[in-house]
Structure formats: C-alpha cells, structure tokens
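Right, one structure below, let's go through it.
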Amino acid sequence: MTDTQVFYDDVGVGDQIPTLTVAVDETQLFFFSAATYNGHRIHYDKDWASSEGYDDVVVQGPLQAALLARALGDWIGGRGRLVSFSVQNRAVAYAGQLLTFAGEVTGKRLSDNGSGLVDLDIVGRRDDTVLMPGTATVELPRRGTP
C-alpha cells in the first residue's frame, strides 16, 4: 500500500499503476469460499478439482477481481474513490501460482462537479496469460483541494 496520495494532476495517459503480485494459498481459497458462501469443491478439494479436470484447486474469479480492486485501492490512496469497475474471467489460476494485478491509465477528464476522473485498462495475469481483463474509473483528488 502506498503511503502517499496520488493526485489527478500528477497522472498521465500511459502511466502504469504499481503491480500487485500475489500467490494465493489453499487456506486463503478455503476461507474465501466460506466468506462468499461458495461451496464448489474445486476451490478447496484437490481430489474433487482433479475429478473435474483441473490440475489443482482453482482460484475463485471473484477473489481475482477483489485482488485487482485491491491493486487499484492501494494506488488511489485514502482520498481516491473507485467509481466503476468491470472485469471478465477468462482463464484458470491455481493455488500457489504467482498472479499479478496491474493497470494502465487510458484517459482522464474532469467531471461536471470538477473532480478528477481517471480511466484505466486493468488486468490480472499469470505469467503472460491474461486471466481477467477489465476497465475501471477512479476519482482522484486535485492538488489544492480539501
């Protein structure tokens, strides 16, 4: 998590947000399934996952989305706000694999009330495989505003 606030004035098209790298373990998968009432055994039972054709227990799509949102939240800081967030789950990730969550600024504009809006292409990956592409818009504070 960043200890400094990012400001609308300091962001440009093409800027990259800091990459979040995570290896989700089986315990996290189990607890996420419990917290989200997802009883599908492919997320916590290796034998069951294997019987359904998977190589290992599967990282939940909503967990991947939450990690992508966390990367955005870490970047926008305490005064930033997530305005919109849309993703698609495109590929399978397994427990223990290194996953990266990142984004690139694609546009910026001022809203009708003068707040700074920043559009991003966001993505979750496993190596070169795109797991979860998406888009987001965040509101960032402008310098000199409370």
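Computed from a predicted structure; not experimentally measured.
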Value rounded to 0.5 Å, distance of OH in Tyr8 from CZ in Arg79: 15.0 Å
Where do Gly114 and Arg142 come nearest, in terms of heavy atoms and distance? O-NH1, 2.9 Å
Please report the closest heavy-atom contact between Trp75 and Leu120, naming both atoms and the distance. CZ3-CD2, 4.0 Å
Whether Glu26 side chain and Tyr44 backbone form a donor-acceptor pair below 3.5 Å: no
Can you tell me how far the CZ atom of Phe85 sits from the OG1 atom of Thr135, to the nearest 0.5 Å? 9.0 Å
Quick one: closest heavy-atom pair of Pro141 and Asp9, and the distance? O-OD1, 4.1 Å
Main-chain N/O of Asp25 paired to Gln28 side chain as donor or acceptor, under 3.5 Å: yes
Show your working on side-chain contact (heavy atoms from CB on, under 4.5 Å) between Val92 and Tyr54 and close with a plain yes or no. CA-CA 9 Å; Val92 173; Tyr54 296 105; 4.0 Å; yes
Could you tell me which residues satisfy salt bridge (charged side-chain N to carboxylate O under 4.0 Å, His left out) with Asp56, sequence neighbours excluded, listed by chain and number? none
How many angstroms lie between OG1 in Thr100 and CG in Leu20, if you round to the nearest 0.5 Å? 9.0 Å
For Tyr94 and Val59, what are the C-alpha separation, side-chain angles and deciding distance, and is it a side-chain contact (heavy atoms from CB on, under 4.5 Å)? CA-CA 5 Å; Tyr94 297 112; Val59 178; 5.7 Å; no
Do the side chains of Ile42 and Trp48 get nearer than 4.5 Å, heavy atoms only? yes
In Å, rounded to the nearest 0.5 Å, how long is the span from OG of Ser51 to CG of Asp45? 8.0 Å
Between Leu110 and Ile76, is there shared hydrophobic-cluster membership here, with clusters defined by ILVMFWY side-chain heavy atoms closer than 4.5 Å? yes
Do Leu63 and Val24 make a side-chain contact, defined as non-hydrogen atoms from C-beta onward lying under 4.5 Å apart? yes
Who are the salt bridge (charged side-chain N to carboxylate O under 4.0 Å, His left out) partners of Glu104, not counting sequence neighbours? none
With sequence neighbours left out, write down each residue that passes salt bridge (charged side-chain N to carboxylate O under 4.0 Å, His left out) with Asp10, or none if nothing qualifies. Arg143
So, taking the atom named CD1 in Ile122 and the one named CD1 in Ile17, what distance separates them when rounded to the nearest 0.5 Å? 7.5 Å
Using only heavy-atom distances, determine whether the side chains of Ser33 and Gln60 contain a donor-acceptor pair under 3.5 Å. yes
Point-to-point distance, once rounded to the nearest 0.5 Å, from CD of Gln97 to OG1 of Thr129: 9.0 Å
Electrostatic pair Arg41:Asp47 at N-O distance under 4.0 angstrom: no
How close do Gln64 and Phe101 get, heavy atom to heavy atom, and via which atoms? O-CE2, 3.5 Å
If I compare all heavy atoms of Val123 with all of Leu68, which pair ends up nearest, and what's the gap? O-CD1, 3.6 Å
Can a side-chain donor-acceptor contact be found between Ser111 and Asn113 if the only test is distance below 3.5 angstrom? yes
Under 4.5 Å between side-chain heavy atoms, counting indirect links through other Ile/Leu/Val/Met/Phe/Trp/Tyr residues: same cluster for Leu82 and Val105 or not? yes
Could you please spell out the steps behind the side-chain contact (heavy atoms from CB on, under 4.5 Å) verdict for Arg81 and Val138? CA-CA 6 Å; Arg81 182 174 72 90; Val138 298; over 6 Å; no
Any donor-acceptor N/O pair, Asn38 side chain to His40 backbone, under 3.5 Å: yes
Do you know which of Asn89, Leu99, Leu67 makes side chain to side chain contact (heavy atoms under 4.5 Å, CB included) with Met132? Asn89
Checking Asp119 against Thr106 for the side chain to side chain donor-acceptor pair (under 3.5 Å) test, could you report, in this order, the C-alpha distance in whole Å, the side-chain angles of both residues, the deciding distance, and whether it holds? CA-CA 6 Å; Asp119 299 315; Thr106 58; 5.3 Å; no
Surrounding CZ of Phe30 (heavy atoms of other residues, nucleotides or ligands, distance under 6.0 Å), is the total greater than 12? no
Minimum heavy-atom separation for His43 to Val58, with atom names? ND1-O, 2.7 Å
Check step by step if side-chain contact (heavy atoms from CB on, under 4.5 Å) holds for Arg126 and Leu131. CA-CA 7 Å; Arg126 178 192 67 245; Leu131 301 170; 3.4 Å; yes
Side-chain donor or acceptor of Thr36 paired with backbone N/O of Phe32 under 3.5 Å: yes
Evaluate the side-chain proximity of Leu29 to Thr27: yes if any heavy-atom separation is below 4.5 Å, no if none is. no
Please check if the side chain of Lys108 supplies one atom and the backbone of Val13 the other of a donor-acceptor pair under 3.5 Å. no
